[in-house]
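Hydrogens, waters and symmetry mates are skipped; everything else that's a heavy atom, side chains included, is used. Quick note on labels: first sequence line is chain A, next is B, and so on, each numbered from 1.
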There are 2 protein chains.
Amino acid sequence: MSIKDVAALAGVSPGTVSNVLNRPEKVAGSTRDRVETAIRQLGFVRHGSASTLRAGHSRTVGLSVIDIGNPFFTDVAAGVEDLASERGYAVILGNSSGSRAKEERNLLVFAEQRVRGVLITPSDEDPVRLDLLRERGIAVVLVDHPAERPDQCAVAVNDVTGGYMAVEHLLSGGAGRIAYVSGPASIRQCQDRRRGAGRALAAAGRDPLELRELAMPAMTAAAGQQAAATLLAGDALPDALFCANDLLALGVLRGLLQAGVRVPGDVSLIGYDDIDFASASTVSLSSIRQPTYQLGRAATELLLDECDNPATHAHQQVMFQPDLVVRESTR
Amino acid sequence: MSIKDVAALAGVSPGTVSNVLNRPEKVAGSTRDRVETAIRQLGFVRHGSASTLRAGHSRTVGLSVIDIGNPFFTDVAAGVEDLASERGYAVILGNSSGSRAKEERNLLVFAEQRVRGVLITPSDEDPVRLDLLRERGIAVVLVDHPAERPDQCAVAVNDVTGGYMAVEHLLSGGAGRIAYVSGPASIRQCQDRRRGAGRALAAAGRDPLELRELAMPAMTAAAGQQAAATLLAGDALPDALFCANDLLALGVLRGLLQAGVRVPGDVSLIGYDDIDFASASTVSLSSIRQPTYQLGRAATELLLDECDNPATHAHQQVMFQPDLVVRESTR
DNA sequence: CGCCACGATTAAAACGTAACAATCACATCT
DNA sequence: AGATGTGATTGTTACGTTTTAATCGTGGCG
């Protein structure tokens, strides 16, 4: 079941079989046919590990995301998976669940597997671990995160703009007090979206500091419901809520509706990501749309270019722009 | 950066380093410490491919799902990923998108990577490819699919019961004409749920054949919306709709509401899977709940047992039971 | 005091492939 | 006819680890 058996059956040397597998153009048509039928006859499949060991690099990439349960990331993953598999790469998936320890475990696995490259949406801002990968010759592309230095690739969506759009929209609806329901402070997206929100307030002649922030430990629907409970327990509800993602927003929405609060009558609500389910919710959700699938594809494109053409590869920082999607949940 | 460098620094032989890595109890405490500090000092990480090549097996498992965009499968994947990573296994993800060709490509990748085992929700009933894997010594566990033969592991939820529950519930609401909005006929789950639906009709003294079926090419919200359009174009709407999963149901719901049809006033609607978003939709969705995360965990448990204790391993078929969850979308 | 047993360590061989230099067959040109 | 070039194929070596059998040193026992 090895390349040697194929070689024996086809009456050639192992080297020729290897050539058929890796550089078919280098081998004469007739012998190529002979080898290929031998391969089929024996049901031979290349031993990826042996190949990796010898060649010094594998045909796999690692993908580390923050929450595989979030449709935003599954859309990204779909983009990654599609392009990678078109190019003959396998994807090893790692879900960090927002935990730094899990993220590090995943990166270790990637390093052990000698993946060709890593796509990562980092769960915090510490660049050290990634540099460690790069030192090992593993290409790294940041996904949904701007580059930290010019000598690296990154693909992101402008979160400051997105936050600005969201709050500008709330203000245009006449919102007075606005609160920002956010995720862990360590997540850059949350900070950037807040920054944009603050700028929108400033642009409207108001004090950015009046934006009240409620930082939840996770960005899930359950956390959103929790946030709603906290808001309801406070003195007065804000006029409008900007949630750092749609999962939070959907949870908040549920919590508010269950308490008899009307959306958008009593409170306007806007989410972020425009996941598929945002338009299907009880009160359809206004949101900030991101080109999610494209994000994954673009990141993979950069990564594979860096892997396959290291000589000509030029590091790039791609920045997509978000869109405002207005639905029922905002006035 | 190899085991040899570690050995040199620690003043031992490469074999000892290997023992520290794989059978720490076999090596004396003092030398173990010495080796471990050397490892840390050099930032050494084991070359997984070399290890796999020599040992004959890897520490990875393959997971092949039908639609990574479906929260049902991401929940399953979360269960798989959690347990696998607890046990030190990496997960290679393959998304077949319902396409047999893609599924086969993924299985080929798994075979090349010499994964230790494969978890698969097959997209059709052909067992041949899986036997091919088993012949290669790769353990296979069927996920959300009953075993085809007694000598294999499988984890499933009783879909016939689930279909029965759904239609029984619709009938108890006084439904007259019922239609079944399904996915590709090749997907077993769709067939089983239909079978259960038929039995429920029979149990109510009605003809199972009166269940009209609308088979969509995909099980997505978009396909569901398509289905709604088809239904609306027909002569008369059924009294009740049973959708083969929640994504279809959410799409149908949207399509019906947009056309001014009231749910459940004009049409009752029930989905399947009870994904998180089912309870958050415009009209909250009645559904059939499955222990999704548990499904993934249980399957992985069986797979790793088969991998790690091949001698004592006994093949098992686990069958979970579904639950009816009644919400607003049904009378 | 010599022998044995035992735990700890080592030397060496193998896993299956890729890549390079070397060889070969053959045809073209001088 | 001999030299030269070209394209196809092969032999060999190395990748980094695991594993087995062999070796080493130490202490207990007769």
S.K.: Nearest to the A:I3 side chain among D:dT20, D:dT17, C:dT17, which nucleotide is it?
M.R.: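 Selected nucleotide: C:dT17.
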
S.K.: Send over the distance from A:H57 NE2 to C:dA18 C1', rounded to a whole Å.
M.R.: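 Value for this atom pair: 9 Å.
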
S.K.: To the nearest angstrom, how far is B:L53 atom CG from C:dA13 atom P?
M.R.: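 Whole-Å distance recorded here is 17 Å.
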
S.K.: Round to the nearest Å and state the distance from A:K4 atom NZ to C:dC15 atom P.
M.R.: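 Atom-to-atom, A:K4 to C:dC15, this comes out as 7 Å.
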
S.K.: Nearest whole angstrom, please: distance from the C1' of C:dG16 to the CG of A:D5.
M.R.: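 Value for this atom pair: 10 Å.
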
S.K.: Is the phosphate of D:dC15, meaning OP1 or OP2, less than 4.0 Å from a side-chain N or O of B:R54?
M.R.: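 For D:dC15, OP1/OP2 do not have a side-chain N/O of B:R54 under 4.0 Å.
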
S.K.: For a quick check of understanding: with a heavy-atom distance under 4.0 Å over all strands, which category does B:V17 fall into, base, sugar-phosphate or nothing?
M.R.: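 B:V17: no heavy atom of the nucleic acid under 4.0 Å.
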
S.K.: To the nearest Å, give me how far apart CG (B:L21) and C1' (D:dT19) are.
M.R.: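 So the CG-C1' distance, B:L21 to D:dT19, works out to 14 Å.
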
S.K.: Remember a base hit wins even if backbone is also touched, and classify B:T16 as base, sugar-phosphate or nothing at under 4.0 Å, heavy atoms.
M.R.: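 Base contact - B:T16 has a heavy atom under 4.0 Å of at least one base atom.
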
S.K.: Determine the contact category for A:R114: base if any of its heavy atoms lies under 4.0 Å from a base atom, sugar-phosphate if only primed atoms, P, OP1 or OP2 are that close, otherwise nothing.
M.R.: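 If one applies the 4.0 Å heavy-atom cut-off, A:R114 turns out to touch nothing in the nucleic acid.
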
S.K.: Rounded off to whole Å, could you give me the CD-to-P distance for the B:E112 and C:dT17 pair?
M.R.: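 Atom CD in B:E112 sits about 10 Å away from atom P in C:dT17.
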
S.K.: Going through the checks in order, is the side-chain contact (heavy atoms from CB on, under 4.5 Å) test met by B:L21 and B:S18?
M.R.: CA-CA 5 Å; B:L21 256 32; B:S18 175; 5.6 Å; no

S.K.: Between D:dA8 and A:R32, is there an OP1 or OP2 to side-chain N/O distance shorter than 4.0 Å?
M.R.: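 A:R32 to D:dA8 OP1/OP2: no side-chain N or O under 4.0 Å.
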
S.K.: Show the numbers, then the answer: is there a side-chain hydrogen bond (donor to acceptor under 3.5 Å, both in side chains) between B:H315 and B:D151?
M.R.: CA-CA 6 Å; B:H315 293 294; B:D151 66 332; over 6 Å; no

S.K.: What integer distance in Å separates B:H47:NE2 from C:dG16:P?
M.R.: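 In whole Å, C:dG16 P lies 17 Å from B:H47 NE2.
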
S.K.: Would you check if the side chain of B:R188 reaches a backbone N or O of B:D144 as a donor-acceptor pair within less than 3.5 Å?
M.R.: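 Judged by distance alone, yes, a pair lies under 3.5 Å.
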
S.K.: Within the 4.0 Å heavy-atom criterion, would you say B:T31 contacts the bases, only the backbone, or no part of the nucleic acid?
M.R.: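 Touches sugar-phosphate only.
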
S.K.: Does the pair B:I120 and B:L107 meet the rule for a side-chain contact (heavy atoms from CB on, under 4.5 Å), with working shown?
M.R.: CA-CA 9 Å; B:I120 183 172; B:L107 293 182; 4.2 Å; yes

S.K.: For B:M1, does the CE atom have more than 12 heavy-atom neighbours from other residues, nucleotides or ligands under 6.0 Å away?
M.R.: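 12 or below, so no.
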
S.K.: Rounded to the nearest angstrom, tell me the gap between atom CG in A:N22 and atom P in C:dG16.
M.R.: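 Atom CG in A:N22 sits about 17 Å away from atom P in C:dG16.
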
S.K.: Over all strands shown, is B:S18 touching base, sugar-phosphate only, or nothing at heavy-atom distances under 4.0 angstrom?
M.R.: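 Base, at least one base heavy atom under 4.0 Å.
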
S.K.: Specify the residue among A:G15 and B:K26 whose closest nucleotide of DNA chain C lies further upstream toward the 5′ end.
M.R.: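 So the residue in question is B:K26.
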
S.K.: Do any side-chain nitrogens or oxygens of B:S2 fall under 4.0 Å of OP1 or OP2 in D:dT17?
M.R.: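 It does, given that an N or O in the side chain of B:S2 lies less than 4.0 Å from OP1 or OP2 of D:dT17.
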
